[in-house]
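In what follows, chains are A, B, ... by sequence order, proteins preceding strands, each numbered from 1. Side chains are part of it too, since the values below use all heavy atoms of this structure and drop only hydrogens, waters and symmetry mates.
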Amino acid sequence: MKSYNIAIAGLGGQGIIKASDILADAAFRADYDVKKAEVHGMSQRGGSVNTDVRFGAEVLSPMVPDGEVDVLVLVDASQEPVNRHRLRPGGVPLHPELLAQLELPDPKTLNVALLGLLSARLPLPVAAWHDAIRQALPAKVHDMNVDAFDRGRHCGLEGAERASG
Amino acid sequence: MEWMRQLLSGNEAVAWAAKDAGVRLGVGYPGTPSTEILETFGALDGPAQWAPNEKVALEVALGVAYANARALVTTKHVGLNVAADPLFTAAYTGAPGGLVIVVADDPGMASSQNEQDSRRYAVAAGLPMLEPADSQQAYAMTREALELAERWSLPVLLRLTTRVSHSKSVVQRAAVVSAPAPGFTRDIAGRVMIPGNARPAHRRLREKLDQVAAWVETPGCGTRLWNAPHAAVEAGADGDQAMAKTPDVRRPLGIVADSVAVLHAREAAPQADVLQVRMVHPLPIETIRRFAASVERCVVVEEGDPVMVEACRAAGIAVEGKAERYRFGELNVGRVRRILAGEDRPESRPPAGKPPQLCTGCPHRIVFNLLRDLDCIVSGDIGCYTLGALPPFDAMDTCVCMGASIGVGLGLRHALPPAEARRVVSVIGDSTFVHSGLTGLVEMVYNPPPSGHVVVILDNQTTAMTGLQEHPGTGRNLRHEPAPQLIIEEVCRSVGVPQVVVIDPIRERERLPATLKQALAEGGLWVLVVRRTCLLEKTRQQKAEGSA
Ligand SMILES: Cc1ncc(C[n+]2csc(CCOP(=O)(O)OP(=O)(O)O)c2C)c(N)n1
């Protein structure tokens, strides 16, 4: 079974840790072994926040080694230069600009919309993602976030079609 | 439902274990990366409470364990310094109920003022210390620690690190047990540590440790062997026995590792045999000796200080350690690969991310702008407000440990020539003041510097830095329910500070600079309580009201 190494980067207050919780939970619901690492601490004070999520048959270290990230999800474009070195050769950065043409119901859902974009590249069932979103967020924002996820996913699937077609 | 697999952080796993093992009281003081243990335990309806500081937390827990009930203390690494006094003597008295002290180290200092290695405390105090590598092990070892603490009537340390505390992984819980009923059994000779009682108590401690030292050598207890996939023996307890029997074929590479380094090592060297040290004190030295003899090359991979490598060498076991540069910061797979390759050239530095800042609109900002403009010499302390040391403020000159601002400020005032002494101000947060500022204030009144002194208490009505925990001064308990409130200004007055002024830095914008200038110019002893609720705390309260 292939293992997946995802890194999510952004700034404090952008829901980076929330996004990684959702991703980890979706993989967990799909019966993978999962590990997730993050650095808390002063993260709420607007500084850089990074989290790693790894899933596969068996995951050992909770942190993705440098140069082994498959997909780097950037919730804030400013974080690309400080994280680029973490991508493996052929690894993919997902920029927030990729969703620029999407009209998100609320800019706060950017983290979840980017997960939708990411989901097009991962073998996790949509139901697992939706359940994970509902698990992680308060009921009153469920619809808004599921919608943001679906739009991001649609965008990702279209992009993949264009790339292969 | 209860038996379901769950994805938990190491901290959450410890809390679940405490709950499942019938812990009667969880007590601690917040500190990254340990804070979420008690928050989770409280959310699980476990009896959890914040103490004013770690020393008090350990003393309360010791009382619980004297009453024959299970107790859990949580602290970050530097909190164990604060609690060190009761720790060392609790080792002598022991406690029948089962006392476990969870200490979370922060190698790499993601959010700490130093990266001291708590494993040294286990050696110094003479206490057993268990070290989980992931959340499943954190769950299992918390329960094991409670059982061992009860079995030997000896406090047990459980050491986590930032990565163990804050990484999530899959956890399967075990059967819930109910704890024995509390009750008091008098044991004056065993618990009143006057010299005549303490001398035999020290011997008893060492005898218990001899028993633990024998226990750690039992297969699966002090160690766990993770064989390379192609090895003849299977991982686990049986592996240890197999290892003891088959030293004739020496395998090329063996790694001795503890804590999360076990996982880095298994990933970095999939072809190696990895001996996980579960209990780092007493160290399972004979098992390590056999393991080292079973391999061509034996490398000790440990974060922080060379604790295990030194112990191995002292016992005459030939092991390789790591180059000095790897003492600093945390390990990861890449660094473990370098250690194994004997690579000691400088490492490439990861690009620096964006540093944290005081929030826009944070009331602390007003104070630091003022301290900068008045060219004060600022004896600082630890909390969000330590960010006052960075641009655009550059308005903090010292920060050592919690509570140090007052003592260090007084020392500066005592020694500096008068013109400079009069510029010295101590700045301390509300939670930090209650934690360890009170005695500094008593010192100020008892031994006042000739130029007087000014203490500014930044009272944002929460412990903001670690994520908005309550403390005695907020008037709410760990669960954010109403509790008796310590009134900071009244305490200051009653210890004898003549000038105590409470100021709202936003509503009374003019009064703050005027009062500070007056205090610096006039001399005498002053406390300015600058009170304005933290913005994040306000949001938290609004959310809580909204969901209530
Ligand atoms: C002995 C010790 N325990 C815990 C910590 C973690 N810690 C650092 S500062 C702090 C309290 C911060 O609260 P406060 O003083 O009210 O300042 P604020 O962050 O709210 O501005 C804590 C819990 C520590 N550094 N040392």
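Taking the side chain as every heavy atom from C-beta outward, A:E58 and B:R266 approach each other to under 4.5 Å. The shortest side-chain heavy-atom distance between B:D134 and A:K35 falls under the 4.5 Å cut-off. Residues B:H166 and A:K36 are not in side-chain contact: their nearest non-hydrogen atoms beyond the backbone lie 4.5 Å or more apart. Proximity of A:P62 to B:V260: side-chain heavy atoms (C-beta onward) are separated by under 4.5 Å at one or more points. Taking 4.5 Å as the limit, some side-chain heavy atom of A:S61 sits within range of a side-chain heavy atom of B:H264.
A 6.0 Å sphere centred on NE2 of A:H154 holds no more than 12 heavy atoms belonging to other residues, nucleotides or ligands. For A:K140, the NZ atom counts as loosely surrounded, since its 6.0 Å shell holds 12 or fewer non-hydrogen atoms of other residues, nucleotides or ligands. Summarising the local packing, CG of A:D106 is surrounded by more than 12 heavy atoms from other residues, nucleotides or ligands at distances under 6.0 Å. Atom CD of A:E103 is surrounded by 12 or fewer heavy atoms from other residues, nucleotides or ligands within 6.0 Å.
For a residue to count as touching a neighbouring chain, one of its non-hydrogen atoms must lie under 4.5 Å from one of that chain's; by this rule A:Y32 touches chain B with the backbone only. If you measure heavy-atom distances from B:A352 to chain A, the contacts under 4.5 Å come from the backbone alone. No part of B:D106 comes within reach of chain A, as not one of its non-hydrogen atoms sits under 4.5 angstrom from that chain. Interface residue B:V170: backbone and side-chain heavy atoms are both found under 4.5 Å from chain A. Of the two parts of A:P138, neither the backbone nor the side chain holds a non-hydrogen atom closer than 4.5 Å to a non-hydrogen atom of chain B.
Among A:R54, A:R86, A:R84, the residue making the largest number of heavy-atom pairs under 4.5 Å with chain B is A:R54.
We find the CG-CG distance between B:L7 and A:D21 to be 8.0 Å, quoted to the nearest 0.5 Å. We find the OG-CG distance between B:S169 and A:L60 to be 11.5 Å, quoted to the nearest 0.5 Å. If you take CG on B:L8 and CZ on A:F28, they are separated by 8.0 Å, rounding to the nearest 0.5 Å.
A salt bridge is absent between B:R5 and A:D33; no separation between the charged side-chain nitrogens and carboxylate oxygens falls under 4.0 Å. Electrostatic pairing of B:R163 and A:E38 does not count as a salt bridge here, judged by no charged N lying under 4.0 Å from a carboxylate O. Under 4.0 Å is where a charged nitrogen must lie from a carboxylate oxygen, and between B:R337 and A:E68 at least one such pair does.
A:S48 contributes a side-chain N or O that, together with a main-chain N or O of B:K354, makes up a donor-acceptor pair within less than 3.5 Å.
Of all residues in residues 115-130 of chain A, none places a non-hydrogen atom less than 4.5 angstrom from a non-hydrogen atom of chain B.
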